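Presented below is the structure to which this report refers.
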Amino acid sequence: MDTLRSFQLLSLFFLVFTFSASVFAFNMPRLGTQRKTTQHEPQTTSSISNLEDLKTYYYTQTLDHFNYRPDSYTTFKQRYVINSRYWGGANASAPIFAYLGAEESLDDDLPIIGFLSDNAPRFKALQVYIEHRYYGKSVPFGSMEAALKNESIRGYFNSVQAIADYAAVLLHIKKKLSAENSPVIVIGGSYGGMLASWFRLKYPHIALGAVAASAPILYFDTIAPQAGYYSIVTKDFKETSESCYEIIRESWAEIDRFASKPHGLEALGKRFNTCNRLNGSVDLKNYLESIYSEAAQYNHPPTYPLSVLCSAIDGASVGSDTLGRIYAGVVAYMGNHTCYDMEFFNRPTETHEGWNWQTCSEMVMPIGHGSKDSMFPSAPFNLNKFINECKSLYGVMPQPHWVTTYYGGQDLKLALHRFGSNIIFSNGLRDPYSGGGVLENISESILAVTTVNGSHCLDILVAKPSDPQWLVMQRKTEVKIIEKWIANYHDDLLSFK
């Protein structure tokens, strides 16, 4: 009996402290400035040359900004990077562009984020990139794994502490450079875009303005419809190819039918050349759902991966059945491999593990499949099931109302049109997360900049000669808005000082 009891306790330990998404029941669409399938591709020459001007520093950061217990004064090293090549200097009150890191290492962002480096010469701006706590080289107590396994330490892993970190780092930099009069523009994309907008609202004495790219700040507390994300994915596919949309819509039942046959899962694995045996048809369906979502969300020019995927499905060899066409899409999108890993999108990377915790604590985004006008099977978001899953993983209750309680969101226009200022909410309307974005102007200086054909975070990525004209114009619009903010600031600086 004692042996059985010990085994049960050991099993429970591994259940609670296993942070692989394979045990996480919800196949949530990822955030982030770039798609997972291109994260390790070589960067363009222009972005690599820009890296030579970067200098890395570490700020001694406070673990807990909001308590006065002895352990609150524990510190860790937070990484930030500066590019001063174009800065006009403190005497000229030249601006500071600050990129607020999100749920990944700065090493992933630096080669691809171009809004700062592309516009720094025009503004004579200092470029600052700050890493989010618990990611990259800014992890308290050494490693993400150690931090997440310690329930006392992981409690400090949240957005509120993160934006307080950014405030401390920016004040440190301004003091160090005697740049107290240099206006700060914070920039972020996706979750980082949410942080940028919230930072402007919470720390207006530090940030003059914010560029919040593809920031779904309304995807909390049932403000945006839970089916909005996947309805836009469906719309994107339908607009790209009606036949592609129909094949995908019909494929789910065909996958289940095929899997239900004797030795069906084994045969299904062979049809899709899976690296490991399928445990159920859901393994394949989750993998395909991730591909379709990512293709729509990051449908960037000039390659337009969604079009590549649909062209392969539509153009499969004559006589191909539904599963054959779907597999052709997988190969076209993922590349030609010896086999396909069904856990590719769920590998326990630092980003995946960290975002699982953030989702299970405060970033509760109720995203589900609708029952109408969707190419996906109906699968509404189940909050009770989500709460139970998170409790089993981390032993804590998610706080689905905390984001709107602390930052706001309900009746946003009514709340902010006389209170807030100087925020750009930029969205591409083909981005599924635009369903939770701010798509209308809130006031004369809280502005929505949208593009019909835009995708996730596209406007803050490195500019390329091949960029379409609508993207060039979007960036020009954002730059003109920032120029106005800074001009007004300098006028005020002369008037008040």
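Every value quoted in this text rests on a predicted model; they were computed, and no experiment measured them.
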Hey, mind stepping through Ser243 and Ser241 against side-chain hydrogen bond (donor to acceptor under 3.5 Å, both in side chains) and telling me if it holds?
CA-CA 5 Å; Ser243 60; Ser241 166; 3.1 Å; yes
Minimal heavy-atom distance between Leu309 and Ala295, with the atoms involved, is CD1-CB, 4.1 Å
Strictly distance-based, threshold 3.5 Å: is any side-chain N or O of His369 a donor or acceptor partner for the main-chain N or O of Pro377?
yes
In a check of side-chain hydrogen bond (donor to acceptor under 3.5 Å, both in side chains) between Ser159 and each of Tyr407, Tyr191, Tyr406, Trp402, which one passes?
Tyr407
Any heavy-atom pair between the side chains of Cys360 and Val396 that's under 4.5 Å?
no
Sub-4.5 Å side-chain heavy-atom contact between Tyr230 and Ile367:
yes
Is there a salt bridge (Lys or Arg N to Asp or Glu O under 4.0 Å) between Lys235 and Glu239 once you walk through the steps?
CA-CA 6 Å; Lys235 178 174 175 286; Glu239 290 178 350; 2.9 Å; yes
Can you find a heavy atom in the side chain of Phe425 that is under 4.5 Å from one in the side chain of Ile217?
yes
Which atom pair, heavy atoms only, marks the closest approach of Arg154 to Leu148?
NH1-O, 2.7 Å
Would you confirm whether Asp283, through its side chain, and Asn279, through its main-chain N or O, come within 3.5 Å as a donor-acceptor pair?
yes
I need the Ser190 OG to Asp431 CG distance, nearest 0.5 Å.
8.0 Å
Where is the tightest heavy-atom contact between Pro216 and Leu31, given as atom of each residue plus distance?
CG-CD2, 4.0 Å
Heavy-atom check, side chain of Ile82 versus side chain of Tyr80, under 4.5 Å
yes
Would you call the rings of Tyr433 and His456 parallel, tilted or perpendicular, where under 30° means parallel and over 60° means perpendicular?
tilted
side-chain contact (heavy atoms from CB on, under 4.5 Å) between Ile291 and Phe345, worked out:
CA-CA 9 Å; Ile291 288 176; Phe345 294 96; 3.7 Å; yes
Does this structure show an ion pair linking Arg325 with Asp314, if we count only N-O contacts that are shorter than 4.0 Å?
no
Examine distances only and state if a side-chain atom of Tyr135 and a backbone atom of Met144 form a donor-acceptor pair shorter than 3.5 Å.
no
Which value, rounded to the nearest 0.5 Å, describes the distance between Asp109 atom CG and Ile130 atom CD1?
12.5 Å
For the residue pair Tyr134 and Phe76, categorise the inter-ring angle as parallel (less than 30°), tilted (30 to 60°) or perpendicular (more than 60°).
tilted
Between the side chains of Glu478 and Arg475, is the shortest nitrogen-to-carboxylate-oxygen separation below 4.0 Å, so that they form an ion pair?
no
Stepwise side-chain hydrogen bond (donor to acceptor under 3.5 Å, both in side chains) check, Gln226 with Tyr219:
CA-CA 8 Å; Gln226 66 163 253; Tyr219 231 134; over 6 Å; no
Ignoring hydrogens and geometry, is there a side-chain-to-backbone donor-acceptor pair from Tyr298 to Thr33 under 3.5 Å?
no
Would a 4.5 Å heavy-atom cut-off, applied to side chains only, mark Thr74 and Ile153 as touching?
no
Would you say the ring centers of Phe381 and Phe386 fall short of 6.0 Å from each other?
yes
Distance in Å, Asn388 CG paired with Leu393 CG, rounded so as to fall on 0.5 Å steps
11.0 Å
When you measure from the side chain of Tyr394 to the backbone N and O of Ser361, does any donor-acceptor pair fall under 3.5 Å?
no
Measure from the side-chain N and O atoms of Asn427 to the backbone N and O of Leu429, and report whether any donor-acceptor pair falls under 3.5 Å.
no
Going by an N to O cut-off under 4.0 Å, is there a salt bridge joining Arg30 and Glu103?
no
Which pair of non-hydrogen atoms, one from Ser455 and one from His300, has the smallest distance, and what is that distance?
OG-ND1, 2.5 Å
Quick check: closest heavy atoms across Leu458 and Pro301, and the distance to 0.1 Å?
CD2-CD, 3.6 Å
Taking 4.0 angstrom as the limit, do Arg79 and Asp107 come out as a salt bridge?
yes
Main-chain N/O of Gly437 paired to Ser434 side chain as donor or acceptor, under 3.5 Å:
no
side-chain hydrogen bond (donor to acceptor under 3.5 Å, both in side chains) for Ser317 and Ser320? Distances and angles first, verdict last.
CA-CA 6 Å; Ser317 58; Ser320 295; 3.1 Å; yes
Lys/Arg N to Asp/Glu carboxylate O, Glu289 vs Lys285, below 4.0 Å:
no
Going by the angle between their ring planes, with limits at 30° and 60°, are Phe97 and Phe115 parallel, tilted or perpendicular?
tilted
Does the pair Gln34 and Asp108 meet the rule for a side-chain hydrogen bond (donor to acceptor under 3.5 Å, both in side chains), with working shown?
CA-CA 9 Å; Gln34 60 181 325; Asp108 295 327; 5.0 Å; no
Does a side chain donor of either Trp355 or Thr351 reach within less than 3.5 Å of an acceptor in the other side chain?
no
Does the ring of Phe258 carry Lys261 above it, NZ/CZ under 6.0 angstrom from centre and within 45° of its axis?
yes
Centroid separation Phe237 to Tyr245 less than 6.0 Å
no
Give the intermediate values and the outcome of salt bridge (Lys or Arg N to Asp or Glu O under 4.0 Å) for residues Glu145 and Lys149.
CA-CA 6 Å; Glu145 183 181 8; Lys149 285 184 178 180; 3.2 Å; yes
Taking Glu131 for the side chain and Ser138 for the main chain, is one N or O donor matched with an acceptor at less than 3.5 Å?
yes
Work out which heavy atom in Cys457 is nearest to a heavy atom in Ser214; give both atom names and the distance.
N-OG, 2.7 Å
Determine, stepwise, if the pair Lys55 / Val81 fulfils side-chain contact (heavy atoms from CB on, under 4.5 Å).
CA-CA 5 Å; Lys55 292 185 178 181; Val81 175; over 6 Å; no
Would you give the length of the straight line joining atom CG of Leu284 to atom OH of Tyr287, rounded to the nearest 0.5 angstrom?
9.0 Å
Heavy-atom check, side chain of Asp236 versus side chain of Asn299, under 4.5 Å:
no
Distance-only, no hydrogens or angles: does the Trp252 side chain make a donor-acceptor pair with backbone N or O of Ile248 under 3.5 Å?
yes
Can you list the steps and then say if Glu104 with His352 is a side-chain contact (heavy atoms from CB on, under 4.5 Å)?
CA-CA 9 Å; Glu104 58 191 1; His352 206 278; over 6 Å; no
Ring geometry between Tyr327 and Phe272 (parallel below 30°, tilted from 30 to 60°, perpendicular above 60°)
perpendicular
Under a 3.5 Å cutoff, is there a donor and acceptor pairing between the side chains of Arg257 and Ser281?
no
Just by modelled atom types, is the Thr451 backbone N or O under 3.5 Å from a matching donor or acceptor in the Gln474 side chain?
no
May I have all residue pairs that pass disulfide (SG to SG under 2.5 Å) and include part of residues 224-289, sequence neighbours excluded?
Cys244-Cys310, Cys275-Cys339
Heavy-atom distance under 4.5 Å between the side chains of Phe220 and Met365, does that happen here?
yes
Are side-chain heavy atoms of Ile255 and Leu323 found at a separation under 4.5 Å?
yes
